[in-house]
Protein chains: 2
Amino acid sequence: MEKKPYLTPKQEKVLNFIRERIGERLPPTIREIGKELGFKSTGTVRDYLKALIQKGLVRRMNNKSRAIELTERASFKIPIIGTIMAGKPNLAYEEIQGYVSADDLFLGRLGFDDVFALRVKGDSMIDAGILDGDVAIIKKRPDANNNDIVAALLENNEVTLKRLRSKSGKFHLEAANVNYPPIFEEFKVIGRLITVIRKY
Amino acid sequence: MEKKPYLTPKQEKVLNFIRERIGERLPPTIREIGKELGFKSTGTVRDYLKALIQKGLVRRMNNKSRAIELTERASFKIPIIGTIMAGKPNLAYEEIQGYVSADDLFLGRLGFDDVFALRVKGDSMIDAGILDGDVAIIKKRPDANNNDIVAALLENNEVTLKRLRSKSGKFHLEAANVNYPPIFEEFKVIGRLITVIRKY
DNA sequence: ATATATACCACACAAATGTGTGGTATGTCA
DNA sequence: TGACATACCACACATTTGTGTGGTATATAT
């Protein structure tokens, strides 16, 4: 993971403004940057952009309005400060190990087309760490394998989240909670669980 | 939740192209839309934009290049197809209850500045559904209360994820696993757990 | 002393982009 | 028939936007 190169305070401000505007869905024009930062000349802004490009933080397309992009290097990342050893803590605070982008954490580079969400209700998957109220992100039409957690359509036309198991060539569904018996009826796998999100 | 109004096939195509380009971080110009869709006149594209604006799917700013926005109504959402009753399934498939935007699910409208991530290692929080390998999103400098799960800095300068408990006016930390004893030593709350994300 | 980087401005010009007006053709509804 | 909506095109024009050239001034490094 490359570190961010040194930026002068003003360069930092320009970069932050660009980041902000991109976050608001419309990258700024050169003149908009100048107006925000108090520069009276477009040339000044171009000098800053040139510096940011040279430092590898910004990319541009020629002759296209607002065509300013942030590179990987400059795009916002959430720092992973350490691995929490939930059992025995063993990592010092402030030791930044790397970065994850919010996108990567969330859905990665999946297309959205074949993804949907289900809110989990009940405790039948509690031993797999899936709790009542969690949001389950499901990828449709997957190649679901033995032991994958899947969303399955049951005979009564209802959906459930269970672990897919095969036993002597036949698939069935298992809860992750001893209080729930396995399901041997007919079912159709709708999708595979790819992500669980829980908000507190 | 409003439903999407009826769109002609071409209007749908225009909308999709705009959505696509916004996804790639740069909304299109009128001429870019025309070129993509095969319209030879800017007027044609303007007619389509007018229709989409009238149907409440698009917003624009005057005299600003690329200033095309999708409204809430048109912006992409992950459908919540139902609440999974992980215990007893009780909801029909395809009954779309509403939508969540990816942003909402993930971090919501939090600023990123005071948020960081920790990867959980170990099983001390397993009874709270937090597993080895999960990513814990932590908000710094929070008002952490009794029973919140917090990231805490211990005396040996290490970080741990535990539940904050108060007993007769004094705070201590508790694991969510009977095999781990409570921690009564001095500690400092770094932040409060706001989100857990698990990828399969 | 010279080079190099930062930190700006002015201004002309070209290209991209949005706006406005006015067309044609086709079909539907009353 | 007339009114209206959809579905386009042509083209002039204004504005925005990017580009290019050429400045000034200050500080630091070699």
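Convention: sequence-line order gives letters A, B, ...; per-chain numbering from 1.
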Just by distance, do the side chain of A:Q11 and the backbone of A:T8 share a donor-acceptor pair under 3.5 Å?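 Judged by distance alone, yes, a pair lies under 3.5 Å.
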Under 3.5 Å donor-acceptor, A:D132 side chain and A:G122 backbone: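 Yes, A:D132 side chain to A:G122 backbone: donor-acceptor pair under 3.5 Å.
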Please check the phosphate of [N] (OP1 and OP2 only) for any side-chain N or O of [X] closer than 4.0 Å.
X: B:N62; N: C:dT19; value: yes
X: A:R46; N: D:dG18; value: no
X: B:R60; N: C:dT19; value: yes

Checking contacts here: which listed nucleotide (D:dT19, C:dG18, D:dT17) is nearest the side-chain heavy atoms of B:K64?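 Side chain of B:K64 sits closest to D:dT17.
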Indicate the atoms forming the closest heavy-atom contact of B:I68 with B:I22, along with that distance.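 Scanning both residues, the minimum pair turns out to be O-CD1, 3.7 Å.
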Answer whether the closest heavy-atom distance between the side chains of A:K162 and A:H172 falls below 4.5 Å.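 Side-chain contact under 4.5 Å: no.
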What distance separates A:I126 CD1 from B:D127 CG, expressed to the nearest 0.5 Å?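 If I round to the nearest 0.5 Å, the distance is 8.5 Å.
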Please give, in whole Å, the distance from [N] [atom2] to [X] [atom1]?
X: B:I68; N: C:dG18; atom1: CD1; atom2: P; answer: 7 Å
X: B:I53; N: C:dG18; atom1: CD1; atom2: C1'; answer: 12 Å
X: B:I30; N: D:dT15; atom1: CD1; atom2: P; answer: 16 Å
X: A:L49; N: D:dT17; atom1: CG; atom2: C1'; answer: 13 Å
X: A:N63; N: D:dG20; atom1: CG; atom2: C1'; answer: 12 Å
X: A:K50; N: D:dG18; atom1: NZ; atom2: P; answer: 15 Å
X: B:R59; N: C:dG18; atom1: CZ; atom2: P; answer: 18 Å
X: A:Q54; N: C:dT4; atom1: CD; atom2: P; answer: 13 Å

Taking the six-membered ring for Trp, are A:F171 and A:F187 closer than 6.0 Å centroid to centroid?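 No, too far apart.
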Is there a continuous path of hydrophobic side-chain contacts, each under 4.5 Å between heavy atoms, that joins B:L131 to B:I197?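 As far as the 4.5 Å side-chain criterion goes, B:I197 and B:L131 are not connected within one cluster.
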Please tabulate, one pair per line, each protein N/O and nucleotide N/O from nucleotides 5-13 of chain D that are separated by under 3.5 Å, including the distance.
unit_1	atom_1	unit_2	atom_2	d
D:dC8	OP1	B:K10	NZ	3.3
D:dC8	OP2	B:K10	NZ	3.3
D:dC8	OP2	B:Y48	OH	2.5
D:dC8	N4	B:D47	OD2	3.1
D:dC9	OP1	B:K40	N	3.2
D:dC9	OP2	B:K40	N	2.9
D:dC9	OP2	B:S41	N	3.4
D:dC9	OP2	B:T44	OG1	3.1
D:dA10	N7	B:S41	OG	3.0
D:dC11	N4	B:T42	OG1	3.4

